[in-house]
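Everything on this sheet refers to the single structure shown next.
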2 protein chains.
Amino acid sequence: MKPKITLKNIAKEFDVSISTVSKSLKNSHEISIDLKQKIQEYAKKHHYKPNSLAVRLQNQQTKTIGVVLPNIVHHFFSTVIQGIEEVTNQRGYNVMICLSNESYEKEVLNIEMFTSGSVDGLIVSISKETQKKNDYSHFNDLIEDDFPIVMFDRVNDKFECDKVIIDDVSGSINATNHLIEIGCKKIALITTPKHITVGTLRRRGYVKAIQNHGQEVDIDLIVEVDERENIKEQIEDLFDNETPDGIFAVNEVYAVSAMNVARERGFKIPEDISIIGFTDGPLSRLALPPLTTVVQHGYSMGKKTAELLINRIESKEEFKPQKVVLSTNLKIRKSTKSL
Amino acid sequence: MKPKITLKNIAKEFDVSISTVSKSLKNSHEISIDLKQKIQEYAKKHHYKPNSLAVRLQNQQTKTIGVVLPNIVHHFFSTVIQGIEEVTNQRGYNVMICLSNESYEKEVLNIEMFTSGSVDGLIVSISKETQKKNDYSHFNDLIEDDFPIVMFDRVNDKFECDKVIIDDVSGSINATNHLIEIGCKKIALITTPKHITVGTLRRRGYVKAIQNHGQEVDIDLIVEVDERENIKEQIEDLFDNETPDGIFAVNEVYAVSAMNVARERGFKIPEDISIIGFTDGPLSRLALPPLTTVVQHGYSMGKKTAELLINRIESKEEFKPQKVVLSTNLKIRKSTKSL
DNA sequence: TTTTTTTACTCAAACGTTTTCGTAAAAAAA
DNA sequence: TTTTTTTACGAAAACGTTTGAGTAAAAAAA
């Protein structure tokens, strides 16, 4: 690579001081028009770009916010990012994303690198491994130092920081209620193992809804999917032993998988079995029939998260962490019977 | 936020010089064990972290590479990132991702910010808008300055830089050939408008395959999907006028949409119509029947891309740009008739 | 003519590191 | 005892910027 051109280089070229060059490029009135022009031309010709590290070190702010995500395969996270970008760009910040890949170690590393001066604030959604290990020590220092940080979706209540979550419980109650209302008698739940927070919350909603209707929760109708194994087979096990007429699945993949299993076993959807998923992504929209689903509004979530963070970064006042709960709504499509 | 703790602070605390502190924290033999210990303890207690901006400015390298992507909703890009991360982490680099959201302006901005000292090298896949505008001036300076940059998937041949692409033409020929071999007589193509490079290349493969078999390309069997409008309706138009017995779609969404339209019109898949998509993502895998598809090996692509970049960054020798073409393979599932 | 103002610069500190070189004092060797 | 070596630290430059203060020289005002 060609050596980088710096103010010093240019200064030497014109036999002036570095500050003269700096001011020329900023079009300062302190410098004669003549010299300014020559310097600007030269700089342009040689592709001068101020070294952002130096600038940021000088200014003591980076105008950048870091985002640490478990993964970006999920459509939901993608939409959240859209929302984050919307707000940050509008307010003059850049966004940098790092992925933890659901790994504890990478999450720690990413946070380390971001918080050592590279960004003004941090947005985090916690990785599965971290949730499983239940080890959050890498956040402690940040919280103690009052580093601006906002958690979203996968949060931990231990921390005194801003949080944005969706109302998983209510969303799940609504979904389950809907299944009950349209006449489902045997409603299965397809969820995650217990250490995944959102899975647990959605399960809670399911249980509540069932109990509110005076029914008992039937353990045999609950599938806890272990993602390390074949998802479809685990759902087939359910159908081997039971014949549900309604399914509530805590994410898109589980919902579509369940729909496929049901259809393969000759169930007509929605005549024989109604299915509701969680998260409105392409899988749900392109399923046949399109899936009724709990819509999470990732975009709003991203916007809210970014707003909280930037407010926090820019405010001088005493900090009072808040928890924003976003409600969901049920998008009714063709995978559920109508009333 | 609490004031950041620096070497200077610590130095004042112990009434020693900054260099003593720096050396202590690096466990230098030049400092007495006693003092080192005290300083290290103090640093730990106060969460000292070296300011990475300062360190990187000093070292003149960031050990970070920037990735500019059009979007991350596509499963394909996600897998590419996995590959990139694999290699970069292994070789001691960090990855930062910025999204252009298919916007020309954001692409320019992202590249600006990355190349002004924040990263040692750049990986780029060009946005749709840039492709449409056909304006690549923001790359010119970089190429002239020999800034390490690798383009993947959506590349532009104008530039003298490393590139990694997949063999879209061959992949499409194979897919179309397969349809011909299993006996399809009227094979439709569902593709993008012409300014999207990959769409054009895949179309070329389709055309070649048809012609190689001595057939004429029937324009009425080609759908150019305009994504600003309803995708499904555009495919329905095809079925209104024609009754294809084979479909080659240039991406997952088009393939699944086509499958849904076909099924809604009473086609049995694959008995009445065979469908092949491009890119092996969750949509293809979870479709019913699962889609036969051209597998792109995003993971390998990411790995290769990162390798090229890091080699480039670390090599002192004369630079000779290369273009790596990755071949695809056809994953045959249930959406196509067997022979 | 002398004083004041303006113009067009330069100086130097600062941001937070790293690292080479220099040097007292203490310890070891002669 | 004197000389050499080792120990333990400090000074200062460097990375590339920004910016307020300082200053000659030129221009304008008195």
Side-chain angles (χ1 to χ4, degrees), chain A residues 1-40 42-43 46-64 112-113 115-120 145, chain B residues 1-40 42-43 46-64 112-113 115-120 145:
Chain A
M1 194 168 89
K2 281 196 194 156
K4 278 244 183 337
I5 186 159
T6 65
L7 292 184
K8 200 195 261 186
N9 294 334
I10 304 182
K12 202 178 290 169
E13 182 71 24
F14 287 87
D15 203 29
V16 294
S17 77
I18 292 178
S19 32
T20 303
V21 178
S22 174
K23 286 170 183 168
S24 295
L25 296 176
K26 291 200 133 60
N27 226 328
S28 159
H29 62 276
E30 289 181 45
I31 310 295
S32 69
I33 298 183
D34 204 44
L35 182 59
K36 270 198 289 195
Q37 253 172 8
K38 276 193 278 182
I39 289 182
Q40 286 171 7
Y42 183 89
H46 290 79
H47 313 145
Y48 171 77
K49 278 180 209 153
N51 181 313
S52 77
L53 294 181
V55 174
R56 284 147 69 183
L57 180 59
Q58 173 70 248
N59 297 344
Q60 289 294 87
Q61 58 165 335
T62 66
K63 283 286 177 186
T64 303
E112 283 272 314
M113 90 155 280
T115 54
S116 57
S118 320
V119 299
D120 295 339
D145 295 343
Chain B
M1 195 168 89
K2 280 196 194 155
K4 278 243 184 330
I5 186 158
T6 66
L7 292 183
K8 199 196 262 187
N9 294 335
I10 305 182
K12 202 177 290 167
E13 181 72 23
F14 287 87
D15 204 29
V16 295
S17 77
I18 293 178
S19 35
T20 302
V21 178
S22 175
K23 287 170 185 169
S24 296
L25 296 176
K26 291 199 132 59
N27 227 327
S28 160
H29 63 276
E30 289 182 43
I31 310 297
S32 68
I33 298 182
D34 204 44
L35 182 57
K36 271 198 286 194
Q37 251 172 10
K38 276 193 279 181
I39 290 181
Q40 286 172 7
Y42 183 90
H46 290 78
H47 313 146
Y48 171 78
K49 279 183 209 152
N51 181 313
S52 77
L53 293 181
V55 174
R56 285 146 68 183
L57 179 59
Q58 174 70 245
N59 297 345
Q60 289 296 84
Q61 59 166 334
T62 65
K63 282 286 176 185
T64 302
E112 283 273 312
M113 91 155 281
T115 54
S116 56
S118 320
V119 299
D120 295 338
D145 295 345

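Per chain, numbering begins at 1; letters A, B, ... match sequence-line order.
- A straight line from CD1 of A:Ile33 to P of C:dA8 spans 8 Å, rounded to a whole angstrom.
- Residue pairs satisfying the ring-ring contact (aromatic ring centres under 6.0 Å, His included) criterion with at least one member in residues 3-37 of chain B, sequence neighbours excluded, are listed as follows: B:Phe14-B:Tyr42.
- Among pairs with a residue in residues 13-34 of chain A, those fulfilling salt bridge (charged side-chain N to carboxylate O under 4.0 Å, His left out) read A:Lys23-A:Glu30, at least two apart in sequence or across chains.
- With sequence neighbours excluded, no residue satisfies ring-ring contact (aromatic ring centres under 6.0 Å, His included) with B:Tyr48.
- Atom CZ of B:Arg56 and atom P of D:dT17 are 15 Å apart (whole Å).
- Shown here are the side chain to side chain donor-acceptor pair (under 3.5 Å) partners of A:Asp145, two or more places apart in sequence or in another chain: B:His47.
- Considering only residues two or more places apart in sequence or on other chains, B:Ser52 meets the side chain to side chain donor-acceptor pair (under 3.5 Å) condition with A:Ser118, B:Arg56.
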For DNA chain C, what dot-bracket results from Watson-Crick or G-U pairs at under 3.5 Å, with [ ] for crossers and | for inter-strand partners? ||||||||||||||||||||||||||||||
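- Not counting sequence neighbours, the partners of B:Thr62 by the side chain to side chain donor-acceptor pair (under 3.5 Å) test are B:Asp120.
- What separates CG of B:Asp34 from C1' of D:dT7 is a distance of 14 Å, to the nearest Å.
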So if I define the base as every atom that isn't primed, P, OP1 or OP2, how would nucleotides 16-23 of chain C read as a B/S/- string at a heavy-atom cutoff under 4.0 Å? BBBBBB--
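- Residues A:Lys4 and A:Asn51 fail the side-chain proximity criterion, which asks for heavy atoms closer than 4.5 Å.
- B:Thr6 pairs by the side chain to side chain contact (heavy atoms under 4.5 Å, CB included) definition with B:Lys8, B:Asn9, not counting sequence neighbours.
- By the side chain to side chain donor-acceptor pair (under 3.5 Å) test, A:Lys63 pairs with no residue at all, sequence neighbours left out.
- For A:Gln60, the side chain to side chain contact (heavy atoms under 4.5 Å, CB included) test picks out A:Leu57, with sequence neighbours left out.
- Within residues 10-17 of chain A, no residue has any heavy atom closer than 4.0 Å to DNA chain D.
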